[in-house]
Amino acid sequence: MADVADNSALTVYRHFIDGQFVDPSGGEWFDSTDPYRNEVWARIPRGGAEDVDRAVAAARRAMTEGPWASMSASARGKIMRRIGDLVAENAERLARIEVRDNGKLFTEMLGQLRYHPEWWYYFAGLADKIEGGVVPIDKPDHFAFTAHEPVGVVGALTAWNSPLIFVAWKCAPALAAGCSVVVKPSEFTSASTLEFAALTREAGLPDGVFNVVAGLGQEAGAAIVDHPDVAKITFTGSDVTGKAIYQQAARTMKRVSLELGGKSPNIIFNDANLDAAIAGAVSGIFAATGQTCIAGSRLLVQNSVRDEVTERLVEMARTARIGDPMLPDTNIGPVTTPPQYRKILDYIDVAKGEGARLIAGGGPSDAGPNFVQPTIFTDVRNDMRIAQEEVFGPVLSIIGFEDEEEAVRIGNDVIYGLAAGVWTQNIGRAHRMARALKAGTVWVNTYRAISYMMPFGGMKHSGLGRESGVEAVREYLETKSVWISTSDAAPGNPFVMR
Ligand code: NAD
């Protein structure tokens, strides 16, 4: 599609509906800005209800009349494997596009894109292993079984920090289940999803199975959530938007999966391997410029090692290389969007106003217009806003604790429950902490490990449902219970329920 190697060319994208790239029905496009160069590099179609109608109709047709509807699960799997192969062949090109859109480090995006095919391979393998089962039913003269059916047309709404990984997390299990999808990527990072659409066509995915309507959340996004023929919404984004979508989706009784924000505790005990723990704390908060849902934004450190950990972290924050995300030795790139940039700086002011002590960073960086210095606050109390609310930026809050009990209490004392890290050499403590922390993922002596085979999702206000792993496919299935009487006799008294 687009030749993004040429920096001077402005790439104009179109929606992908029913196997074709098409202009937006309203005839409007909006800009996509490269946050590092601070320049417009692409034009994105501004979708509305009419585009969504067309995409949903195509997706519905694909599930009822098209070849997808009658295709065996094994054949579906073959196409999905081919999608994985094509992403692998195009990983570098797609990673460059994502860096242009979100400013994250090229090394990270390339790593994600090279890993991305595994979701397609894993769920391709799962497609023909979705089994119902015979139930050894307690009623005499009956044969009973369950069957799993695709839930229907899926609306997939994604965030800007890892655009194509979210497409894989949602669409690979959805297609394995036999669904069709309409994706609405973030308005800040739509390009790679539209490029990916071309690969689905090249892989031989039938028309209408995978559709992309780009646009704004309140327009194209809301039209998908409202659409009566969309059966399921799978969403990654902020908790505020997620809760609004959950309410809106209830009107048409949609199934909903939500991957939302976090305020994850990364907990260092005094018996930890401190070199590993400090590296884990840095990666927890400063990777991706802090713009990850799993950021370990609250660093809980046992008081006896707090000074040492703090000093070493400050040194690492001060010496981090801030700059061009394309360069392999850059540690911290720009913030993806101007509103996000302003939000991070506002939170730094809030923390100062609350009495948290600033010990590193604390403002814009001179590396460019959208850069924030890696920032560390200490003397943070867990009831401060800086400890309770998601910043989504390179801002770390250090909180001291005395013992395990206090670490658990502080760790769990937020509305979120997405992830937690624990650093200890004590195996008993590791297990006790893993059990006590209310988080969808607990990492012990590691942070950020993610796999296509490991369920991922949040407890509490961090969301609903799980992505990745075998159970992800269930998010896209309905269970049907079938009863067959094996008796020819009429029931004794038909007015009595049996
Ligand atoms: P966002 O909520 O602003 O937007 C997410 C998506 O929803 C976008 O595509 C947007 O256009 C769309 N949208 C917005 N309003 C809508 C509406 N009313 N109806 C339908 N769609 C609408 O989130 P964001 O700023 O793009 O992403 C950052 C957030 O995502 C952070 O809170 C972060 O924690 C969260 N996140 C969660 C995970 C996870 O897996 N749990 C992963 C990454 C990011």
Side-chain angles (χ1 to χ4, degrees), residues 30 32 44 46-49 52 101-102 104 112 155-170 182-190 192-193 212-227 230 233-249 251 254 256-264 285 287-297 335-344 347 389-393 414-419 439-441 448 450 454-468 472 475:
F30 59 92
S32 201
I44 304 298
R46 181 170 174 172
V52 167
D101 253 353
N102 69 9
K104 279 173 71 175
Q112 279 191 10
L157 309 169
T158 57
W160 42 261
N161 49 344
S162 297
L164 278 181
I165 272 289
F166 298 143
V167 168
W169 288 11
K170 295 173 186 318
V182 178
V183 182
K184 207 298 284 172
S186 165
E187 47 272 49
F188 297 106
T189 57
S190 303
S192 63
T193 304
V212 184
V213 177
L216 309 182
Q218 300 288 348
E219 298 174 2
I224 292 174
V225 176
D226 282 338
H227 204 292
V230 173
I233 294 293
T234 170
F235 169 84
T236 295
S238 65
D239 63 324
V240 174
T241 310
K243 285 168 190 168
I245 285 175
Y246 195 20
Q247 284 189 321
Q248 190 66 16
R251 295 177 184 214
K254 288 182 174 54
V256 175
S257 303
L258 303 170
E259 294 290 349
L260 310 178
K263 195 73 196 178
S264 300
I285 187 63
T289 316
Q291 302 171 112
T292 59
C293 53
I294 50 178
S297 49
V335 171
T336 301
T337 74
Q340 187 57 32
Y341 173 76
R342 287 190 293 275
K343 181 179 155 196
I344 297 168
Y347 266 112
E389 297 174 18
E390 187 182 47
V391 176
F392 222 59
V414 285
I415 59 168
Y416 298 108
L418 190 59
T441 294
R448 283 191 185 283
I450 298 275
M454 197 67 168
F456 178 83
M459 294 185 183
K460 296 157 61 180
H461 289 232
S462 288
L464 287 176
R466 292 294 179 270
E467 297 190 310
S468 301
E475 304 276 339

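Just so it is clear, the model here is predicted, and its values are computed rather than measured. Counting starts at 1 for both ligands and their atoms, in listed order.
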Residue pair Glu475, Thr234: steps toward the side chain to side chain donor-acceptor pair (under 3.5 Å) verdict: CA-CA 9 Å; Glu475 304 276 339; Thr234 170; over 6 Å; no
Value rounded to 0.5 Å, distance of CD in Gln291 from CH2 in Trp160: 4.0 Å
Close residues, ligand 1: non-hydrogen atom nearer than 4.0 Å: Leu157, Thr158, Ala159, Trp160, Asn161, Phe166, Lys184, Pro185, Ser186, Glu187, Gly217, Gln218, Gly221, Ala222, Val225, Phe235, Thr236, Gly237, Ser238, Thr241, Ile245, Glu259, Leu260, Gly261, Cys293, Glu390, Phe392, Leu418, Phe456
Verdict with supporting geometry, Lys170 and Ser257, side chain to side chain donor-acceptor pair (under 3.5 Å): CA-CA 10 Å; Lys170 295 173 186 318; Ser257 303; over 6 Å; no
Main-chain N/O of Ser297 paired to Lys263 side chain as donor or acceptor, under 3.5 Å: no
Flag if over 12 foreign heavy atoms under 6.0 Å of OH, Tyr341: yes
Gln340 (side chain) donor-acceptor with Phe392 (main chain) under 3.5 angstrom: yes
